[in-house]
Amino acid sequence: MDINSRKTLSNGVEIPLIGLGVYLSPRGESTASAVRWAIEAGYRHIDTAAIYGNESSVGEGIRTSGISRDQLFITSKLWNDDIRKGRTLEAFKESLSRLGTDYLDLYLIHWPAEGHERAWQVLEELYQSGSVRAIGVSNYHLQHIDELEREAKIMPMLNQFECHPYLSQGPLIELCRQRGMAYESYSPLGGQNGTILSDPKIAEIAAKHNKTPAQITLRWHLQRGSIILPKSNHKDRIISNSQLFNFSLSEEEMNEIGNLDRGIRTGGNPDCFNF
Ligand code: A2P
């Protein structure tokens, strides 16, 4: 495994295991720079969303990176209001325009908002027309996947959800495996105000390997088969968050980190969200 390693989705499309996350990364130069630093460090995958408000800055970072579009894997997400209003096609085109691209590598339904089954039909059409290389969902639990699959012609290729050592999501990962969906972890480091990076057990394992707590946490995700989307606006962290391939965690260490689960969610709960 290295920074260029990819996972093959159910339709054969390859997705890089590490993507730069940009949730809460402000619109403007700081997001554009983060994207450029990530690409310079070897990242080829950027994960944004319409609701983040920074698609145009991601686009700016990509355009000024010197890397051609076809070398990159770009994800965006359809926001809840657009799902509810039946504006999927319009919202998709707006995302493309802000990003300055004419296709996406992956387009996700951001949350299972009312009307998501209808939105999925539009994603299927976008996929069939070649405007998107792969389609999937985010924040889906079993009942949401079932709702979608009842009417779907094409099954979601991937599910992206909050996952980190304090919310380790074992059953949801197992469900994704059973349904042939890849899984992506957002807030893999526990999010903006998380305390995972100062957890004593992770610090102890980090000291043993001479790595940072962030590297230990990200390596844990990779060893359980997850695609990771660490967010940072700092160049040194963007670089070190991708240096995960010259060490590995033992089974015991993997279990120790897995045992830190305490059901702490930093974002919304898919079973009861009101946004
Ligand atoms: P910053 O953008 O200031 O670097 P997540 O990926 O779980 O959403 O977590 C991101 C949070 O963790 C951000 O607040 C980010 O802040 C911080 N972060 C990202 N990488 C590291 C790192 N290597 N060490 C410490 N904090 C980090």
Side-chain angles (χ1 to χ4, degrees), residues 1 3-7 9 13-26 30-31 34-39 41-55 57-58 61-62 72-78 95 99 104-111 134-140 156-169 172-173 176 181-194 196-197 214-234 237-245 265-268 270:
M1 258 199 313
I3 192 171
N4 292 310
S5 295
R6 285 155 193 258
K7 182 175 277 267
L9 300 176
V13 163
E14 295 190 339
I15 178 168
L17 294 181
I18 304 182
L20 179 72
V22 295
Y23 176 51
L24 299 180
S25 185
S30 82
T31 294
V35 167
R36 274 193 300 272
W37 290 329
I39 291 172
Y43 292 59
R44 292 292 177 266
H45 173 182
I46 317 286
D47 180 279
T48 185
I51 193 65
Y52 299 171
N54 57 19
E55 286 175 309
S57 311
V58 168
I62 291 170
L72 295 172
F73 191 100
I74 304 174
T75 301
S76 192
K77 312 185 192 85
L78 173 66
S95 282
L99 284 160
L104 286 182
D105 295 279
L106 177 64
Y107 197 42
L108 304 179
I109 293 191
H110 206 150
W111 289 82
I135 50 177
V137 295
S138 182
N139 298 298
Y140 272 49
M157 290 143 202
L158 177 148
N159 188 9
Q160 178 183 127
F161 44 85
E162 180 176 351
C163 183
H164 44 70
Y166 291 170
L167 185 72
S168 60
Q169 302 275 30
L172 190 51
I173 288 179
C176 290
M181 296 193 292
Y183 41 97
E184 283 183 316
S185 298
Y186 74 71
S187 298
L189 300 171
Q192 191 169 40
N193 297 313
I196 286 172
L197 299 181
Q215 288 171 319
I216 296 298
T217 305
L218 294 171
R219 179 75 201 187
W220 171 78
H221 284 285
L222 289 179
Q223 286 186 218
R224 49 203 312 259
S226 180
I227 298 157
I228 48 173
L229 306 167
K231 176 261 170 188
S232 180
N233 285 99
H234 293 91
R237 291 176 175 175
I238 290 171
I239 294 170
S240 68
N241 289 349
S242 70
Q243 293 172 332
L244 309 174
F245 302 104
R265 237 175 240 288
T266 66

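Positions are given from 1 along the sequence.
For the atom pair Leu78 CG and Ile135 CD1, the distance stands at 12.0 Å (nearest 0.5 Å). For the atom pair CZ (Phe245) and CG (Asn4), the distance works out to 9.0 Å, reported to the nearest 0.5 Å. Rounding to the nearest 0.5 Å gives a distance of 9.0 Å between CG of Leu24 and CG of Asn54. A distance of 9.5 Å separates OG1 in Thr217 from CG in Asn241, rounded to the nearest 0.5 Å.
Formation of a donor-acceptor pair under 3.5 Å by the His164 side chain with backbone atoms of Leu167 is found in this model. In terms of modelled atom types and a separation under 3.5 Å, the side chain of Glu162 and the main chain of Gly267 share a donor-acceptor contact. With hydrogens and angles ignored, the 3.5 Å screen pairs no side-chain donor or acceptor of Ser185 with any backbone N or O of Ser226. A donor-acceptor pair under 3.5 Å is formed between the side chain of Gln215 and the backbone N or O of Ser240. Listed for the Arg224 side chain is a donor-acceptor partner under 3.5 Å among the backbone atoms of Ser168. Checking side-chain atoms of Arg6 against main-chain N and O of Ile15 turns up no donor-acceptor pair under 3.5 Å.
When all heavy atoms are compared, the tightest approach of Ser242 to Tyr43 is CB-CE1, 3.6 Å. Taking every heavy atom of both residues into account, Glu55 and Ala49 meet most closely at CG-O, 3.8 Å. Nearest heavy atom pair, residue Arg265 against residue Pro270, reads NH1-CD, 3.6 Å. Of all heavy-atom pairs spanning Gly19 and Pro230, the tightest one is O-CD, 3.3 Å.
Residues satisfying the side chain to side chain donor-acceptor pair (under 3.5 Å) criterion with Ser232, sequence neighbours excluded, are absent altogether. For Ser138, there are no side chain to side chain donor-acceptor pair (under 3.5 Å) partners two or more places apart in sequence or in a different chain.
No option in Lys7, Gln160, His221 other than Gln160 meets the side-chain hydrogen bond (donor to acceptor under 3.5 Å, both in side chains) test with Glu184.
Residues Ile227 and Tyr183 have side chains not in contact (no heavy-atom distance under 4.5 Å, counting atoms from C-beta outward). Between Ile228 and Trp220 there is no side-chain heavy-atom pair separated by less than 4.5 Å. Residues Leu189 and Leu218 form a side-chain contact, since some pair of their non-hydrogen atoms from C-beta on lies under 4.5 Å apart. Looking only at side-chain heavy atoms (C-beta outward), Thr75 and Ile46 stay at 4.5 Å or farther from each other. Contact annotation: the side chain of Tyr52 approaches that of His110 to within less than 4.5 Å [non-hydrogen atoms, C-beta and beyond].
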- Chi angles and distances behind the salt bridge (Lys or Arg N to Asp or Glu O under 4.0 Å) call for Lys77, Asp47: CA-CA 9 Å; Lys77 312 185 192 85; Asp47 180 279; 2.6 Å; yes
